[in-house]
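Starting from 1, each residue takes its place in the sequence as its number. Order of listing sets the numbers, starting from 1, for every ligand and every atom in it. In this text the structure is predicted, and so the values were computed from the model without any measurement. Just so you know, these numbers use all the heavy atoms, side chains as well, and skip hydrogens, waters and symmetry mates.
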Amino acid sequence: MIVAKAVKDLQLDRSKRIGFVPTMGAFHEGHLCLMRTSVAENDLTVVSLFVNPTQFGKGEDFEKYPRDLDRDLELAKSVGVDILFTPDTHEMYPRDEATRVVVPAISERWDGQFRPGHFDGVATIVCKLFNIIRPSVAYFGWKDLQQCLVIIAMVEDLNLPTELSFQDTIRESDGLARSSRNVYLSKEERSVAPLIYQELLALKANLSQEQDPRGKVESAAKKLTSAGFHIDYLALVDMNTLAPIDVPHGKCALIFAGRIGATRLIDNIRL
Ligand code: AMP
């Protein structure tokens, strides 16, 4: 596996089909599954590892975001990644006032309300990485549902020639969605965290038979709150627009974001 720190070190053979997995590192099974899929489906797999400062708000966890390059390097190598791109901030943002990519509407909902500017940072870095790597296909996880929709809109709006592939959420055996942030959880918080998925599953099972699904969503939110969560949102939404809906129809999803202690977790389940 080649480790490239600078754009100029990326000598990509463009006659090959290139699969790309953008990440912020601290690899877990969710990342590794994306990488394995790319390795299986392409001639060349490039993974980027960059903790992108522009997608963190003030007071968020940019400084303390888990970083372990040596471990990540070994893991990426073990699943057959060809190139690990590990630029530093100056390499990605050489100018202070850089051009930004903003995907309107979808970026403003839900996490956009609680993390203003977050999706502008995401869209900008993904667009830059697409232009640097020019992948045939890029892989993302449904765990970050809103992020997936932002990327879909950006690729469509800007006519980017990259195919997108999405993977289901990889979970711990007790249902907690894998996340680099799970390492922040205390033992006690970790034992409560699987309740998110349990409540999402119970809601999914109940919603279709309910006269008043809103009542069900509210009581699930109450349960999570009593267990110690500070909920940002728990909602039934249209899968394509993330607009809130009252009754499940067509493609929809239940989405959750909330804090347990100091750790913010997100999860969702598609219906
Ligand atoms: P991150 O390093 O958190 O930016 O994530 C890099 C990619 O891995 C994104 O496309 C995420 O959606 C995806 N990802 C993160 N966690 C999971 C998970 N538990 N299951 C599937 N994909 C995931």
Side-chain angles (χ1 to χ4, degrees), residues 19-39 41 45-57 60-62 64-69 71-73 75-76 79 81 84-87 92 103 106 110-111 115 118-130 133 135 137-155 162-185 190 193-194 196-197 200-201 239 242 253 255-257 263-270:
F20 174 48
V21 184
T23 81
M24 298 205 301
F27 294 154
H28 51 69
E29 200 49 34
H31 298 113
L32 298 179
C33 279
L34 291 170
M35 294 178 205
R36 283 193 202 99
T37 308
S38 175
V39 169
E41 294 180 352
T45 290
V46 182
V47 171
S48 64
L49 193 172
F50 179 61
V51 184
N52 174 34
T54 66
Q55 71 187 71
F56 288 80
E60 289 189 356
D61 56 343
F62 174 69
K64 69 164 192 168
Y65 196 83
R67 291 164 171 89
D68 189 343
L69 183 59
R71 177 179 169 276
D72 284 351
L73 226 133
L75 285 170
V79 294
V81 168
L84 188 66
F85 179 46
T86 61
M92 293 311 291
V103 182
I106 193 79
W110 309 109
D111 263 13
R115 307 185 67 189
H118 168 66
F119 290 115
D120 303 350
V122 169
T124 302
I125 196 68
V126 171
C127 187
K128 284 169 68 72
L129 289 165
F130 278 13
I133 290 152
V137 51
Y139 296 84
F140 295 88
W142 283 126
K143 149 107 189 335
D144 299 280
L145 171 63
Q146 192 171 2
Q147 171 170 283
C148 293
L149 299 181
V150 168
I151 305 296
I152 290 170
M154 175 184 79
V155 164
T162 292
E163 201 184 300
L164 299 174
S165 176
F166 301 99
Q167 165 190 276
D168 281 337
T169 302
I170 306 294
R171 299 178 180 281
E172 301 284 357
S173 55
D174 59 12
L176 176 65
R178 299 268 182 146
S179 163
S180 303
R181 291 189 166 98
N182 290 351
V183 298
Y184 298 152
L185 298 170
R190 176 64 188 80
I196 302 169
Y197 186 54
L200 289 176
L201 277 182
M239 242 311 267
L242 294 188
I255 57 171
F256 168 89
T263 307
R264 189 171 187 276
L265 299 174
I266 60 169
D267 202 350
N268 69 80
I269 181 166
R270 285 169 294 139

Return the closest protein heavy atom for [atom] as residue, atom name and distance.
atom	result
atom 10 (O) of ligand 1	Gly141 N, 3.0 Å
atom 20 (N) of ligand 1	Ile170 N, 2.8 Å
atom 14 (N) of ligand 1	Asp144 OD2, 4.2 Å

- Task: Could I get the full list of side-chain hydrogen bond (donor to acceptor under 3.5 Å, both in side chains) partners for Arg181, not counting sequence neighbours?
- Result: Asp61
- Task: Kindly write out the residues that satisfy side-chain hydrogen bond (donor to acceptor under 3.5 Å, both in side chains) with Thr45, not counting sequence neighbours, or none if the list is empty.
- Result: Ser38
[X] to ligand 1: N or O pair under 3.5 Å?
X	value
Arg178	yes
Phe140	no
Ala177	no
Thr169	no

- Message: Given Gln167, Lys143, Gln147, Gln55, identify the one with the heavy atom nearest to atom 9 (C) of ligand 1.
- Response: Gln147
- Evaluation steps, ring pair (Phe, Tyr, Trp, His ring centres under 6.0 Å), between Tyr65 and Phe56: CA-CA 10 Å; Tyr65 196 83; Phe56 288 80; 5.8 Å; yes
- Item | Side-chain donor or acceptor of Gln146 paired with backbone N/O of Ile106 under 3.5 Å | yes
- Query: Where the side chain of Asn52 meets the backbone of Ile125, is there a donor-acceptor pair that is under 3.5 Å apart?
  - Reply: no
- Arg115 vs Gln55 side-chain heavy atoms within contact, under 4.5 Å: no
Any atoms of ligand 1 less than 4.0 Å from a non-hydrogen atom of [X]? List them with their elements.
X	answer
Met24	1 (P), 2 (O), 4 (O)
Leu34	7 (C), 8 (O), 13 (C)
Thr23	2 (O), 6 (C)

Backbone, side chain, both or neither: what part of [X] comes under 4.0 angstrom of ligand 1, heavy atoms only?
X	value
His28	side chain
Asp168	backbone
His31	side chain

- Looking only at heavy atoms, what is the nearest atom pair of Ala123 and Met154, with distance? O-SD, 3.4 Å
- Shortest non-hydrogen contact between Lys143 and Ser179, atoms and distance: NZ-CB, 4.0 Å
- Message: I'd like to know if Pro22 contacts ligand 1, where contact means a heavy-atom distance under 4.0 Å to any ligand atom.
- Response: yes
- Pair Arg36 + Glu41: basic N to acidic O under 4.0 Å: no
- Message: Between Asp267 and Arg171 (salt bridge meaning N to carboxylate O under 4.0 Å), is one present in this structure?
- Response: yes
